[in-house]
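For clarity, every value in this text was computed on a predicted model and none was experimentally measured. In this chain, numbering begins with 1 at the start of the sequence shown.
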Amino acid sequence: MSFSPEMLALATKSVLAGRSLTGSEYLQQAALYTSTEEVRLPQISFLQNKCAASLNKRTTEENGLSARFYYLRSNTSLSLGSKGLQGATLIANKLSINTALGSYYPDRIVLISEEGDITLGDGTKMAQALLLAKGTVTIGAGCQLNGFVLADKVVLRGTADLTPDKGAVEPMLTPAFNKP
């Protein structure tokens with residue numbers, strides 16, 4: 001999966017991009033945020049029938065995210081647990097995606113909410129993340145995020161350690177992509 005040149009250009013300049021920002025007083029530097037007129041998510045419908053269509057919470061917590069692409073089309077929000085989540089992974093969900101307090105993602109992760117929001121629980125740590133939401137991305141207090149966030153609205157709920165990582169928007173492959 002690859003991302004647009006426009007997104008790559010935004011990720012080169014900043015960590016956060018959106019139409020509005022709440023909590024700007026928590027930014028370490030103003031340069032970490034870029035205002036954008038339009039938020040266009042990448043086309044991901046091609047993933048349908050080509051990757052996993054469900055996530056089992058117990059299996060995910062025990063075995064990690066298994067370095068896969070997940071394209072979830074159910075009408076429910078997705079809550080990710082706080083332990084065992086590892087492996088370069090893309091998760092696209094129709095509605096919201098939430099991480100538990102203190103979650104740790106040591107590998108590359110891409111979270112896409114097509115019609116909802118993404119909320120990082122306080123203390124969430126992401127080593128290399130790309131977060132894309134049609135709605136709002138909320139970053140909890142004490143979060144550490146290396147990567148890029150694009151959403152209509154970005155909310156900071158407290159001081160967070162935000163570091164740009166252009167690698168978060170480079171083409172993504174996973175060995176499990178074409179496995180049944």
Check whether [X] reaches the backbone of [Y] with its side chain - one donor and one acceptor, N or O, closer than 3.5 Å.
| X | Y | answer |
| --- | --- | --- |
| Arg108 | Ala168 | yes |
| Thr138 | Thr119 | no |
| Ser20 | Lys153 | no |
| Thr99 | Gly121 | yes |

Over all atoms of both residues, closest heavy-atom pair of [X] and [Y]:
| X | Y | value |
| --- | --- | --- |
| Ser113 | Ile97 | N-CD1, 4.4 Å |
| Asn98 | Ser77 | ND2-CB, 4.4 Å |
| Ala88 | Asp107 | N-CB, 3.7 Å |
| Glu114 | Lys134 | O-CB, 3.1 Å |

Evaluate the side-chain proximity of [Y] to [X]: yes if any heavy-atom separation is below 4.5 Å, no if none is.
| X | Y | answer |
| --- | --- | --- |
| Asn93 | Ile112 | no |
| Leu150 | Leu16 | no |
| Met7 | Leu132 | yes |
| Thr76 | Leu95 | no |
| Leu27 | Leu162 | yes |
| Met126 | Leu131 | yes |

Open item on the list: The test is side-chain contact (heavy atoms from CB on, under 4.5 Å); show your working for Gln28 and Leu32 and say whether it passes.
Closed with: CA-CA 8 Å; Gln28 305 110 312; Leu32 293 175; 3.1 Å; yes

If you measure from [atom1] on [X] to [atom2] on [Y], what distance do you get to the nearest 0.5 Å?
| X | Y | atom1 | atom2 | answer |
| --- | --- | --- | --- | --- |
| Ile91 | Leu78 | CD1 | CG | 5.5 Å |
| Thr89 | Tyr105 | OG1 | OH | 10.0 Å |
| Lys125 | Asn146 | NZ | CG | 12.0 Å |

Open item on the list: Between Asp165 and Gln128, is there a side-chain donor-acceptor contact under 3.5 Å, judged purely by atom types and distance?
Closed with: yes

Task: Enclosure of Lys94 NZ (heavy-atom neighbours >12, cutoff 6.0 Å) - done: yes

Open item on the list: Quick check on the hydrophobic clustering: are Leu8 and Val110 connected, directly or via other members, by side-chain heavy-atom contacts under 4.5 Å?
Closed with: yes

Task: Hydrophobic cluster membership, Tyr26 vs Val149, 4.5 Å side-chain cutoff - done: yes

- [ ] Evaluate the criterion side-chain contact (heavy atoms from CB on, under 4.5 Å) for residue pair Asp161 and Leu145; output intermediate values, then yes/no.
- [x] CA-CA 6 Å; Asp161 182 10; Leu145 177 94; over 6 Å; no

Task: Partners meeting side-chain hydrogen bond (donor to acceptor under 3.5 Å, both in side chains) with Thr34 (sequence neighbours left out) - done: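 Partners of Thr34 by the side-chain hydrogen bond (donor to acceptor under 3.5 Å, both in side chains) criterion, ordered by chain and then number, come out as Ser14.
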
Open item on the list: Regarding Arg157 and Asp122, does a basic nitrogen lie under 4.0 Å from an acidic carboxylate oxygen?
Closed with: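 Result for this pair is yes, salt bridge flagged.
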
TODO: Carefully, step by step, assess Phe148 and Val15 under the rule side-chain contact (heavy atoms from CB on, under 4.5 Å).
DONE: CA-CA 5 Å; Phe148 181 66; Val15 178; 5.7 Å; no

TODO: Carefully, step by step, assess Thr124 and Tyr104 under the rule side-chain contact (heavy atoms from CB on, under 4.5 Å).
DONE: CA-CA 6 Å; Thr124 296; Tyr104 178 53; over 6 Å; no

